S.K.: 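One structure, pasted below without further comment.
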There are 2 protein chains.
Amino acid sequence: MPTQTFFNLSEEKKKRLIAGAMKEFSTKSLNDASISNIVKNATISRGSFYQYFEDKKDLYFYLIGKFRYNYRKLMYDSFVKEEGDFFKGYKNFGEKYILYIRQSPKFGFFENMYLHMNYQINQEARLDFDKAKGKVMPEGKRIVDVIKRDSLKINTEEELVSIVRYLLSVLNDTIMEGFWKELSIEETQQLFVKRLEWITYGVAVSQKEED
Amino acid sequence: MPTQTFFNLSEEKKKRLIAGAMKEFSTKSLNDASISNIVKNATISRGSFYQYFEDKKDLYFYLIGKFRYNYRKLMYDSFVKEEGDFFKGYKNFGEKYILYIRQSPKFGFFENMYLHMNYQINQEARLDFDKAKGKVMPEGKRIVDVIKRDSLKINTEEELVSIVRYLLSVLNDTIMEGFWKELSIEETQQLFVKRLEWITYGVAVSQKEED
DNA sequence: TATTATAAGTGACAACGTGTCACATAGCAA
DNA sequence: TTGCTATGTGACACGTTGTCACTTATAATA
């Protein structure tokens with residue numbers, strides 16, 4: 001977390017610092033980026049930097065939090081639009097989310113983030129989700145409440161939450177793979193939908209009875 | 001790839017260097033590890049190091065390749081044992097593989113590898129690995145040939161290959177998650193089997209017709 | 001206005017890590 | 001002995017990090 005000192009800064013100076021950092025992080029991974037470059041980009045002194053942030057990571061996570069798309073609303077809306085259908089809801093959500101990431105003006109930043117971070121991203125996504133689960137959506141509704149459960153082999157709400165989480169990590173993994181393999185937006189979307197299809201309907205032919 | 005000079009070294013010296021590197025990489029990530037420590041551990045001079053390896057990464061990937069379990073045979077055997085059954089074969093394979101990783105004397109090294117693995121490292125290591133060894137199984141047998149296809153919704157062999165690969169990445173992701181959530185071996189295995197079940201049979205109740 | 005307390009800004013600096021290079025040494029064949 | 005090749009070495013230049021004693025700005029108060 002940035003210090004209070006950082007938040008007290010003038011908007012102009014804050015923007016300068018953020019822009020300088022984004023420039024660095026858009027072409028380099030967290031590990032390759034250097035504070036020296038960032039403070040040079042932003043024309044602030046090295047000493048000042050350490051009055052705002054603990055270290056490079058601190059700044060980086062702040063930026064991720066700042067620019068991360070609030071996927072919860074997108075997800076919620078997607079499921080509402082598709083009347084709670086698991087497959088269609090996720091398809092809608094995933095395709096839109098991929099589009100957002102790939103067409104974002106922060107493209108370079110996101111690309112680097114996905115290519116170089118796995119553990120942290122998953123952890124962040126999970127924490128985010130847990131927060132959303134504990135708290136309540138702005139409208140007072142939760143994502144798990146707008147997913148039609150009667151067409152799913154789900155016994156407990158806990159299991160649904162666990163599936164919903166898993167699909168999020170599948171989406172993130174697919175986006176990552178798309179960046180690495182330099183897939184087009186459409187190819188990345190198709191890859192996600194294919195995996196979603198597997199998970200929704202299974203790769204095995206239907207049994208007489210469900211397991 | 002290490003240089004010929006490295007391979008020409010006496011077994012004793014090679015072992016000393018590998019041990020020194022494993023010590024460092026068992027407690028630190030690739031980024032946090034330092035060549036300075038490794039050469040100090042192995043009591044070789046800094047200059048020598050650079051005659052054997054291009055850089056830290058070069059050594060790291062060499063070690064991954066050296067100690068990586070040759071999962072192909074384990075996978076092949078598992079499917080043969082389970083008579084080509086997709087679910088049972090993967091269950092058998094995944095459980096054994098997880099056990100191997102977690103009970104390995106190289107535990108610390110693997111733990112660190114999984115915890116700090118990102119997509120780029122993963123893929124680079126894979127490229128290194130493919131380069132070092134032939135792509136074909138020693139016996140000339142392919143895994144896709146021992147998976148019973150008639151119980152799968154598979155049209156082309158390409159699709160099967162793509163599913164098989166995906167399941168491998170699901171397994172790796174699950175192992176990673178197990179490490180950072182500090183799950184027990186059994187919990188990690190159960191998590192993998194649950195996901196395998198989803199992917200095999202789907203989370204949706206069986207349709208009258210498959211899609 | 002002068003005084004004072006608090007907040008913010010600064011860059012030199014020590015510590016540490018990297019990759020290189022000119023040079024040293026060992027092994028061996030002619 | 002001479003020469004050739006392979007291997008070993010550590011000082012060095014360069015870059016990065018986090019700190020710290022010190023300076024400057026801001027604003028409240030006498």
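Here the structure is a predicted model, which is why all the values come from computation and not from measurement. By convention in this document, chain letters (A, B, ...) are assigned in the order of the sequence lines, proteins followed by strands, and residues within each chain are numbered from 1. Atom set for the values below is all heavy atoms of this structure, side chains included, hydrogens, waters and symmetry mates excluded.
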S.K.: Output the rounded distance in Å from CG (Asn41(B)) to P (dG17(C)).
M.R.: 12 Å
S.K.: Has Glu187(B) got more than 12 heavy atoms of other residues, nucleotides or ligands less than 6.0 Å from its CD?
M.R.: yes
S.K.: May I ask you to check whether Phe192(A) and Tyr97(A) place their ring centers less than 6.0 Å from one another?
M.R.: no
S.K.: Output the rounded distance in Å from CZ (Arg46(B)) to P (dA24(C)).
M.R.: 22 Å
S.K.: Round to the nearest Å and state the distance from Asn31(A) atom CG to dT18(C) atom C1'.
M.R.: 15 Å
S.K.: Taking the six-membered ring where the residue is Trp, are the ring centres of Tyr71(B) and Tyr100(B) under 6.0 Å apart?
M.R.: no
S.K.: Name the pairs: protein N/O against N/O of nucleotides 6-8 of chain D, kept only if under 3.5 Å.
M.R.:
residue, atom, partner, partner atom, Å
dT7(D), OP1, Asn8(B), ND2, 3.2
dT7(D), OP2, Thr5(B), OG1, 3.2
dG8(D), OP1, Lys13(B), NZ, 2.6
dG8(D), OP2, Tyr52(B), OH, 2.5
dG8(D), N7, Gln51(B), OE1, 3.1

S.K.: Tell me: CZ of Phe6(A) to C1' of dG9(C), nearest whole Å?
M.R.: 16 Å
S.K.: Working to the nearest 0.5 Å, report the span between CD1 of Ile175(B) and CG of Leu183(B).
M.R.: 12.0 Å
S.K.: dG18(D) P sits how many Å from Lys57(A) NZ, rounded?
M.R.: 11 Å
S.K.: Grab the NZ-P distance between Lys14(A) and dG9(C) for me, whole Å please.
M.R.: 12 Å
S.K.: Examine dC16(C): is either OP1 or OP2 under 4.0 Å from a nitrogen or oxygen in the side chain of Ser36(B)? Give yes or no.
M.R.: no
S.K.: Would you tabulate the nitrogen or oxygen pairs shorter than 3.5 Å linking the protein to nucleotides 22-26 of chain D?
M.R.:
none

S.K.: Roughly, in whole Å, what's the span from CZ in Phe49(A) to P in dG18(D)?
M.R.: 8 Å
S.K.: Measure CG/Asp32(A) against P/dG15(D) and give the value in whole Å, please.
M.R.: 16 Å
S.K.: Could you give the distance from CG (Leu59(B)) to NZ (Lys56(B)), rounded to the nearest 0.5 Å?
M.R.: 10.0 Å
S.K.: Measure centre to centre between the rings of Phe179(A) and Phe107(A), then say whether the value is under 6.0 Å.
M.R.: yes
S.K.: Centre-to-centre under 6.0 Å for Phe79(A) and Tyr90(A), is that the case here?
M.R.: yes
S.K.: Parallel under 30°, tilted from 30 to 60°, perpendicular over 60°: which one fits the rings of Phe67(A) and Phe109(A)?
M.R.: perpendicular
S.K.: What nucleotide, of dG17(C), dG18(D), dG19(C), holds the atom closest to the side chain of Asp55(B)?
M.R.: dG19(C)
S.K.: Looking at Ile101(A), is its backbone amide N or carbonyl O close enough to the side chain of Ser104(A) to form a donor-acceptor pair, meaning the two atoms are under 3.5 Å apart?
M.R.: no
